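Contents: one structure, followed by commentary.
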Amino acid sequence: AQSVAQPEDQVNVAEGNPLTVKCTYSVSGNPYLFWYVQYPNRGLQFLLKYITGDNLVKGSYGFEAEFNKSQTSFHLKKPSALVSDSALYFCAVRDAGSARQLTFGSGTQLTVLP
Amino acid sequence: IAGITQAPTSQILAAGRRMTLRCTQDMRHNAMYWYRQDLGLGLRLIHYSNTAGTTGKGEVPDGYSVSRANTDDFPLTLASAVPSQTSVYFCASRPGQGAYEQFFGPGTRLTVL
């Protein structure tokens, strides 16, 4: 069975500093990996995905993520955080051979302090 | 283009009552999904449909049923609501073969008393 772990429930960072939100995964085959963001009282918005190719994936709003197969990680990063980046972030994984279902992590609340 | 709409936005329901949460998409996506979101648990898949006329069970299907009579609509029914079904429910869709990311509706906040 596939699984996702987001080891930090809460991440605080000062505005202008780099941010990292951690994600590790477990799948039986090749992983398809995703990051979503959720603002208060809203649905999830797609940020970026890794399917194949370059390990560094660039997405919306200046976010990027690095796929590391040996460490089974897919950490979300941004060079300079904005207060408006404060939100709940979810990592998700799909096994390439599965019935197209995503498994989500428990979420990480990012707070960017002014 | 509205994308995915869900109704109602929120609902308070007495235990034992029947309730249908509505989900409609106008993107002609083949696959649709229902998730529930609970604090500390992330999103858990309830039911899914890979194409109109077919449905499947997700991680937490008990107490819920779905139907997919056409491409656009994917209602979720609670036959007899229980307090443990208090949650925020999200509908999502995915275009189909070769497209992997899902698109989410705004959610329905359901409270079962």
Side-chain angles (χ1 to χ4, degrees), chain A residues 1-10 21 23-25 27 29-53 57 59-60 63 65 67 74 87-109, chain B residues 2-10 21 23-25 27 29-51 54-61 66 87-110:
Chain A
Q2 55 197 40
S3 65
V4 176
Q6 292 181 243
E8 302 159 317
D9 292 335
Q10 174 84 38
V21 182
C23 171
T24 59
Y25 66 90
V27 296
N30 291 324
Y32 292 175
L33 294 156
F34 306 82
W35 275 102
Y36 286 83
V37 60
Q38 184 181 32
Y39 297 98
N41 301 312
R42 302 286 295 277
L44 277 69
Q45 296 178 30
F46 170 74
L47 274 180
L48 52 79
K49 66 184 177 187
Y50 172 83
I51 304 300
T52 187
V57 178
S60 305
F63 284 94
F67 171 65
F74 190 56
L88 186 58
Y89 290 81
F90 290 97
C91 182
V93 67
R94 176 196 145 184
D95 189 318
S98 78
R100 310 177 191 91
Q101 297 176 33
L102 291 181
T103 298
F104 285 84
S106 56
T108 298
Q109 179 67 48
Chain B
I4 299 178
T5 57
Q6 292 185 236
T9 301
S10 65
L21 308 185
C23 174
T24 299
Q25 53 106 354
M27 300 176 284
H29 287 178
N30 285 331
M32 296 186 75
Y33 307 84
W34 273 106
Y35 294 89
R36 59 177 290 172
Q37 183 180 21
D38 302 289
L39 192 63
L41 297 177
L43 278 78
R44 294 180 291 169
L45 183 65
I46 305 171
H47 285 287
Y48 66 94
S49 169
N50 288 329
T51 188
T54 69
T55 62
K57 294 181 179 181
E59 181 185 354
V60 289
V66 292
S87 187
V88 181
Y89 291 85
F90 289 100
C91 180
S93 69
R94 182 177 61 84
Q97 196 73 16
Y100 306 106
E101 59 267 34
Q102 297 179 14
F103 298 85
F104 284 78
T108 293
R109 183 174 297 275
L110 181 67

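These figures come from a predicted structure and were not determined experimentally. Numbered from 1 within each chain, the chains take letters A, B, ... in sequence-line order.
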Original post:
Measuring heavy-atom distances to chain A, does B:E59 have an atom under 4.5 Å in its side chain, in its backbone, in both, or in neither?
Top reply: neither
**OP:** Please flag which part of B:L41 lies under 4.5 Å from any non-hydrogen atom of chain A: side chain, backbone, both or neither.
**Re:** backbone
Original post:
Should we count CG of A:N41 as having more than 12 external heavy atoms under 6.0 Å?
Top reply: no
Original post:
Where is the tightest heavy-atom contact between A:S106 and B:G40, given as atom of each residue plus distance?
Top reply: CB-O, 3.5 Å
Original post:
Minimum heavy-atom separation for B:F90 to A:Q38, with atom names?
Top reply: CZ-NE2, 3.3 Å
Original post:
Does A:Y36 use its side chain to pair, donor to acceptor, with the backbone of B:Q102 at less than 3.5 Å?
Top reply: yes
**OP:** Taking the side chain as every heavy atom from C-beta outward, state whether A:L44 and B:L43 have any pair of such atoms under 4.5 Å apart.
**Re:** yes
Original post:
Which residues from residues 45-53 of chain A are near chain B, with near meaning under 4.5 Å between non-hydrogen atoms?
Top reply: A:F46, A:K49, A:I51
**OP:** Take A:F104 and B:Y35 through the ring-ring contact (aromatic ring centres under 6.0 Å, His included) test and state the conclusion after the steps.
**Re:** CA-CA 10 Å; A:F104 285 84; B:Y35 294 89; 5.4 Å; yes
Subject >> Selection from B:E101, B:Q6, B:R44 maximising heavy-atom pairs under 4.5 Å formed with chain A >> reply: B:E101
